[in-house]
Number of protein chains: 2
Amino acid sequence: MLSERSKRVLYAVVQSYINSPDPVGSRVVTKRYSFGLSPATIRHIMADLEELGFLTQPHTSAGRVPTVMGYRFYVDSLLTETGHHANMEILHGLYRKLESLKNDIDLLLSETTKNLSILSHYLGIALSPLPDLTTLIRVNLLKYRADKVAAVLFTDEGLIKNKVISLEADITQKDLNRIEAYLNAEFSGQTFDEIRLKVIREMSREKMRCDTLISKAMKICREAITSFPRSELFVAGLSEVIGLPDFADLRKIRELSRAIEDKHTIIKLLDKLTVSEGVQIIIGSENTTDEMRELSIVASSCKEGDKPIGVVGIIGPMRMNYARAMYIVDNTAKFISRMLAGK
Amino acid sequence: MLSERSKRVLYAVVQSYINSPDPVGSRVVTKRYSFGLSPATIRHIMADLEELGFLTQPHTSAGRVPTVMGYRFYVDSLLTETGHHANMEILHGLYRKLESLKNDIDLLLSETTKNLSILSHYLGIALSPLPDLTTLIRVNLLKYRADKVAAVLFTDEGLIKNKVISLEADITQKDLNRIEAYLNAEFSGQTFDEIRLKVIREMSREKMRCDTLISKAMKICREAITSFPRSELFVAGLSEVIGLPDFADLRKIRELSRAIEDKHTIIKLLDKLTVSEGVQIIIGSENTTDEMRELSIVASSCKEGDKPIGVVGIIGPMRMNYARAMYIVDNTAKFISRMLAGK
DNA sequence: TTTAGCACTCTCAATGGTTAAGTGCTAATA
DNA sequence: TATTAGCACTTAACCATTGAGAGTGCTAAA
């Protein structure tokens, strides 16, 4: 439907615009990219591309700028290309430093976002896995002061969380040990989601039987699990983004920083990407979220074996260096996956 | 040295400028504040105040704006005033919601920063206490996978931290229990600082004796303690600050967000305030830090009894509503102190 | 099908004039 | 002597105008 020549022109326009934020006119296309055609011809082609929805002009006498469709075309043709062998030794240098954080996923992800933002000059983001899908390996209950218990939850992701639980009544460590054994027997190996359900069911039944030990166990379990932090979002590099010509407007920065503070919006977006394979790209209004309609996301999920372990990515302007971003995100995700696989 | 009349004028100028960001001229002073003097006289006084360094003009034909000295005068006279009884029921409403977080200081502080920024429309900040001064209550070591140990550290601040430690050799839970008992006997009740020192001394001695159990214990202890997170900084409300007329300039926002990302700068500043009593105010370049030379800090430390538990505060422009900020920070600090005291 | 030529449109930067605010100074006043 | 009125001066901010420059679409010729 699109002639080979039109494609080449479109590609050139997008690339030129990504390189510098000036609307690109017919002249620069002929000059910088050797088509062997005059500006007039290019104009014709560009007019066609505009009619088809790939380009727009900010105003009548300006050059053209890609639309979401235009970026999408560009990105899709990037995806079919064979891997970019840009030389980024820095990347490996940076990630080598992270090896020592293997044991602390939160810290690992938070450092990773910093790396992402340093490398890309955009916003680095990372989402730790949804607790629903992580499975519990073991619980340990430790008495802490008279009426408080620290529950230590071990999960299959190397993630360990603790939570202090207040009890009305005093409790002995011995009782705790029995509760602990019971909880482990009952719930270990199951996902948090399953456990949540079971606890709710059990609790409604327990009311009748009134077996204090088990009901206490359930109470502790519920406290520990319901308060288990939702999947956590790490963000870094806002200062990189401020200063980009695309964010010259204060309002845009404000919107972005609000989105970062909300976290909710971004988490929902990334959540969808947890399961998908490879680098995912969402361009501008492809995003249904309103705050994101002028931003693009390049993200990839990390896996430990088959299990999704989190999402890492970059948020930047639509006019993003997609090739570079994809390269960075892809390698980062692979690096983390490999590291967590223990290799 | 400053006549009573001059003081009143200076106070009026600062207050007027805080209320709206226009340089204040002699006319508005006479109009809004009833001095019973003509603009000409006020001009004389303001010229004197400028010569003394309390005021400046942005340009020849503009009104006057307070200097750091001017703000300092204003704030100092605020401090001598009796408490402001502004009615802020919202404040108490907000903080009631935090009661449930008593058991998780990190979460508590992070929510507090949000409250601070909502209430003040400036940047809310909170610093968790320096680990050097917190004392260890107990250690528990839990085996986790074959060659990994989870160390759970209980401190006197309700703060519980865990840390996964990788060992070269396999170890049984039984050995762990003995190590645990040893560590508790040796170190419980001491500050992290003291423990750090002891461990270092012990380790150099251990090399000779080569008692594997103790040397293992020391290794674990060092790992667990040295990696104990430094005092953590929580920040919220950047989007509140963007949009303030004082931050119309993109560069300022960029500087601020860089300072937030660094954390280091702000931590160092707040650290000094940990020990001091009551609300502390640092205005603009009173700050030796360069990034902060156009910002003011209003902060107060929280105490549990005598023990400093952290610092909460607000960062905003020099042209800050100090009275309000002081009120908010003071009450927040007191609220948290009270809550942690168990009342 | 491509291209040269041309009139048209629009932004951007510079210009200049006007207004309004606020000052400092001087001289008169209480 | 302290205060005030009056006045000339300075400056930023606003507005309209202008011209340059860039890029377009259209038409007609190659």
Side-chain angles (χ1 to χ4, degrees), chain A residues 2-10 12-17 19-67 70 245-246 248-249, chain B residues 1-10 12-17 19-67 70 245-246 248-249 319:
Chain A
L2 220 55
S3 77
E4 196 53 42
R5 196 174 64 176
S6 302
K7 283 184 187 171
R8 279 186 58 213
V9 171
L10 178 50
V13 171
V14 180
Q15 192 140 65
S16 166
Y17 187 62
N19 280 335
S20 77
D22 311 310
V24 11
S26 51
R27 287 206 41 178
V28 299
V29 174
T30 56
K31 266 207 161 171
R32 270 246 261 281
Y33 307 81
S34 43
F35 278 95
L37 290 173
S38 78
T41 314
I42 300 292
R43 273 206 289 283
H44 275 132
I45 301 171
M46 286 168 80
D48 292 346
L49 287 170
E50 177 162 10
E51 212 168 342
L52 290 170
F54 291 105
L55 300 175
T56 26
Q57 331 184 45
H59 55 86
T60 338
S61 82
R64 256 91 173 190
V65 159
T67 62
D246 314 77
D249 193 358
Chain B
M1 152 214 191
L2 219 53
S3 78
E4 196 54 44
R5 196 176 63 174
S6 302
K7 282 185 188 172
R8 278 186 58 213
V9 172
L10 176 51
V13 171
V14 180
Q15 193 139 64
S16 165
Y17 187 63
N19 279 335
S20 77
D22 311 309
V24 11
S26 51
R27 286 205 44 176
V28 300
V29 175
T30 56
K31 266 206 160 171
R32 270 246 261 282
Y33 307 81
S34 44
F35 279 95
L37 290 172
S38 79
T41 315
I42 299 293
R43 273 206 288 284
H44 274 132
I45 301 171
M46 285 167 79
D48 291 347
L49 287 170
E50 177 162 8
E51 212 167 343
L52 291 169
F54 291 104
L55 300 175
T56 26
Q57 329 186 45
H59 55 87
T60 337
S61 82
R64 256 91 173 191
V65 159
T67 61
D246 314 77
D249 193 357
R319 189 188 71 81

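- Across all strands, B:T60 comes closer than 4.0 Å only to sugar-phosphate atoms, never to a base (heavy-atom distances).
- C:dG22 atom C1' lies 17 Å from atom CG of B:L49, rounded to whole Å.
- Atom NE2 of A:H44 is separated from atom C1' of C:dT3 by 10 Å (rounded to the nearest Å).
- Each of B:V65, B:V29, B:N19 was evaluated against B:V24; a single residue qualifies, B:V29, per the side-chain contact (heavy atoms from CB on, under 4.5 Å) test.
- At distances below 3.5 Å, at least one donor-acceptor pair connects side-chain atoms of B:T67 with backbone N or O atoms of B:G53.
- No N or O donor and acceptor, one from the side chain of B:S38 and one from the base of D:dT4, sit under 3.5 Å apart.
- The side chain of B:R64 contributes no N or O atom lying less than 4.0 Å from OP1 or OP2 of C:dA21.
- Distances shorter than 4.0 Å separate none of the side-chain N or O atoms of A:R5 from OP1 or OP2 on C:dT1.
- Contact annotation: B:S26 does not reach the phosphate of C:dG22 (side-chain N/O to OP1 or OP2, under 4.0 Å).
- With DNA chain C read from its 5' end, the first of the two nearest nucleotides for B:A62 and B:A40 is the one closest to B:A62.
- Rounded to whole Å, atom C1' of C:dT2 lies 14 Å from atom CG of A:D48.
- Which of D:dG6, D:dA22, C:dG5 sits closest to the side chain of A:R43 comes down to C:dG5.
- The CD-P distance, from A:E50 to D:dC26, rounds to 11 Å in whole Å.
- Of the side-chain N and O atoms in A:S61, none sit less than 4.0 angstrom from OP1 or OP2 of C:dT11.
- Here D:dC9 presents its C1' atom at 14 Å from NE2 of B:H59, a figure rounded to the nearest Å.
- If you take CG on A:L55 and OH on A:Y17, they are separated by 11.5 Å, rounding to the nearest 0.5 Å.
- Distance CZ (A:R27) to P (D:dT24): 11 Å, rounded to an integer number of Å.
- Between the OG atom of B:S16 and the CZ atom of B:R64 there is a distance of 14.0 Å, given to the nearest 0.5 Å.
- Across D:dG25, C:dT3, C:dC10, the shortest atom-to-atom separation from the side chain of A:A47 is found for D:dG25.
- Minimum atom distance to the side chain of B:Q57 is reached by C:dT23, of the listed C:dT23, D:dG23, C:dT2.
- Atom-to-atom distance recorded for A:R8:CZ and A:I45:CD1 is 9.5 Å, nearest 0.5 angstrom.
- Look at CG on A:L55: it is 14 Å from C1' on D:dG23, rounded to the nearest Å.
- Rounded to whole Å, the distance from CE on A:M46 to P on D:dC26 is 15 Å.
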